[in-house]
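First up is the structure itself, then whatever we jot down about it.
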Amino acid sequence: MIKGKTALVTGSTSGIGLAIAHKAEIEKIRAGIEKDFRVKALYSPADMTKPAEIADMIRTAEKDFGALDILVNNAGIQFVANIEDFPIEKWDAVISTNLSSSFHTIRAAIPGMKKRKWGRIINIASAHGLVASAQKVAYVAAKHGVVGLTKVVAMEAANDGVTCNAICPGWVLTPLVQQQIDARAKATGTSAKEQAIELVAEKQPMHEFTKPENIGALTVFLCSDAAETITGSAYSIDGGWVAQ
């Protein structure tokens, strides 16, 4: 548990890559966080493809909370196609949301962190920030970029009390992935459990999904005093995916 710190998490209203359209649902989540953890929670509707809205989000956080201590860049989207069929607008959208948004949030947040001599920046990358898969050219390029961005920020802020690390998950059981599993099970006439194992086994030696809360636990550790000299690293949490 980290107390007395302010954290901003992008893409925080649901599972990775899943957008929630209903404001009532967002408010329910926001209020639930306040009740369950006895903290103040605000929601920003900032478009993560628009630098001006990102900068305003950071300013609002610093104004309303007095400081921004922890930044977790988690917003992301995906699109799958061969390179020759990959729509240009999809490339631009994936790069903008998955990579450029992290640059813009860090650029806006890091001056205050350096001034206060304390800050933690966690970039949620992916196993695809370290290795590639076919038909995911924009996602792989963006996540590799996030790992590179992490290293540069770590170097520049190394003596300012600010650390920057990346977390690289493998298969994570989000609602969208569960839908994919259910669809495969229906199409093949097999069980969801069988299809879940088959899906994970395509990439991971360990046939287990990473739980979102495990990623959260690693994030909390990297924000703790115990991790004060850990910076510029990319942490795999992927069931052995990139060990192969």
Side-chain angles (χ1 to χ4, degrees), residues 2 5 7-12 15-17 48-49 54 58 68-78 94-110 113-114 118-133 136-174 177 203-204 206 209-244:
I2 297 173
K5 301 294 185 183
L8 189 154
V9 182
T10 67
S12 61
I16 298 171
M48 298 307 293
T49 68
I54 293 172
I58 300 294
L68 178 55
D69 305 302
I70 298 166
L71 172 63
V72 181
N73 286 308
N74 177 63
I77 59 173
Q78 175 65 287
V94 172
I95 296 297
S96 180
T97 301
N98 294 26
L99 174 58
S100 297
S101 67
S102 295
F103 162 76
H104 293 301
T105 57
I106 294 170
R107 182 177 182 273
I110 206 164
M113 292 180 175
K114 286 184 174 181
W118 201 96
R120 298 287 186 268
I121 300 170
I122 310 295
N123 297 319
I124 306 300
S126 168
H128 283 120
L130 303 171
V131 295
S133 290
K136 297 181 179 180
V137 61
Y139 190 82
V140 170
K143 293 302 186 179
H144 271 66
V146 167
V147 172
L149 171 66
T150 298
K151 294 177 180 180
V152 173
V153 173
M155 292 172 64
E156 292 186 3
N159 295 301
D160 292 298
V162 179
T163 67
C164 184
N165 292 287
I167 295 177
C168 300
W171 280 111
V172 181
L173 191 56
T174 65
V177 172
K203 298 293 185 180
Q204 296 183 187
M206 183 182 291
F209 285 93
T210 296
K211 298 180 179 66
E213 53 266 35
N214 292 350
I215 298 172
L218 179 55
T219 299
V220 170
F221 169 72
L222 291 174
C223 292
S224 71
D225 290 339
E228 62 184 356
T229 61
I230 297 177
T231 195
S233 297
Y235 284 87
S236 295
I237 180 168
D238 65 2
W241 182 333
V242 303
Q244 300 174 92

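FYI, side chains are in, hydrogens and waters are out, and symmetry mates aren't considered; it's all heavy atoms of this structure. No experiment lies behind these values; they were computed from the predicted model shown.
Atom CG of L149 sits about 4.5 Å away from atom CD1 of I106, to the nearest 0.5 Å. From M48, atom CE reaches atom OG of S102 across 7.0 Å, with rounding to the nearest 0.5 Å. In this structure, NZ in K151 is found 12.5 Å from CG in N123, a value given to the nearest 0.5 Å. In this structure, N73 CG and L99 CG are separated by 10.0 Å, a value rounded to the nearest 0.5 Å. The distance from atom NE2 of H144 to atom CG of L130, rounded to the nearest 0.5 Å, is 6.5 Å. Atom-to-atom distance recorded for L218:CG and C223:SG is 9.5 Å, nearest 0.5 angstrom.
Minimum interatomic distance between R120 and S224 (heavy atoms only, all atoms of both residues): NH2-O, 3.8 Å. When all heavy atoms of V162 and K114 are compared, the closest pair comes out as CG2-N, 4.1 Å. Residue T105 comes nearest to L71 through the heavy atom pair OG1-CD2, 3.6 Å, listed as atom of the first residue, atom of the second, then distance. Of all non-hydrogen atoms in N165 and G232, the two that sit nearest each other are OD1-N, 3.3 Å. Listed here is the closest heavy atom pair of I122 and T219: CG1-CG2, 4.0 Å. Nearest heavy atoms, T163 versus E228: CG2-O, 3.5 Å.
At least one donor-acceptor pair closer than 3.5 Å links the side chain of T210 to the backbone N or O of I237. Looking only at distances, a side-chain donor or acceptor of Q244 sits under 3.5 Å from a matching main-chain atom of W241. Remark: side-chain polar atoms of Q204 are paired, donor with acceptor, to backbone N or O of W171 under 3.5 angstrom. A donor-acceptor pair is defined here as one N or O able to donate and one able to accept, closer than 3.5 Å; such a pair exists between the side chain of T10 and the backbone of N74.
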Evaluate N98 against V146 for side chain to side chain contact (heavy atoms under 4.5 Å, CB included), listing each step before the verdict. CA-CA 8 Å; N98 294 26; V146 167; 5.7 Å; no
Hey, mind stepping through S101 and I54 against side chain to side chain contact (heavy atoms under 4.5 Å, CB included) and telling me if it holds? CA-CA 8 Å; S101 67; I54 293 172; 4.1 Å; yes
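For K136, the side chain to side chain contact (heavy atoms under 4.5 Å, CB included) partners at least two apart in sequence or on another chain are Q78, V80, H128, S133, Y139, V140.
Between E156 and I110, the closest side-chain pair of non-hydrogen atoms is not below 4.5 Å.
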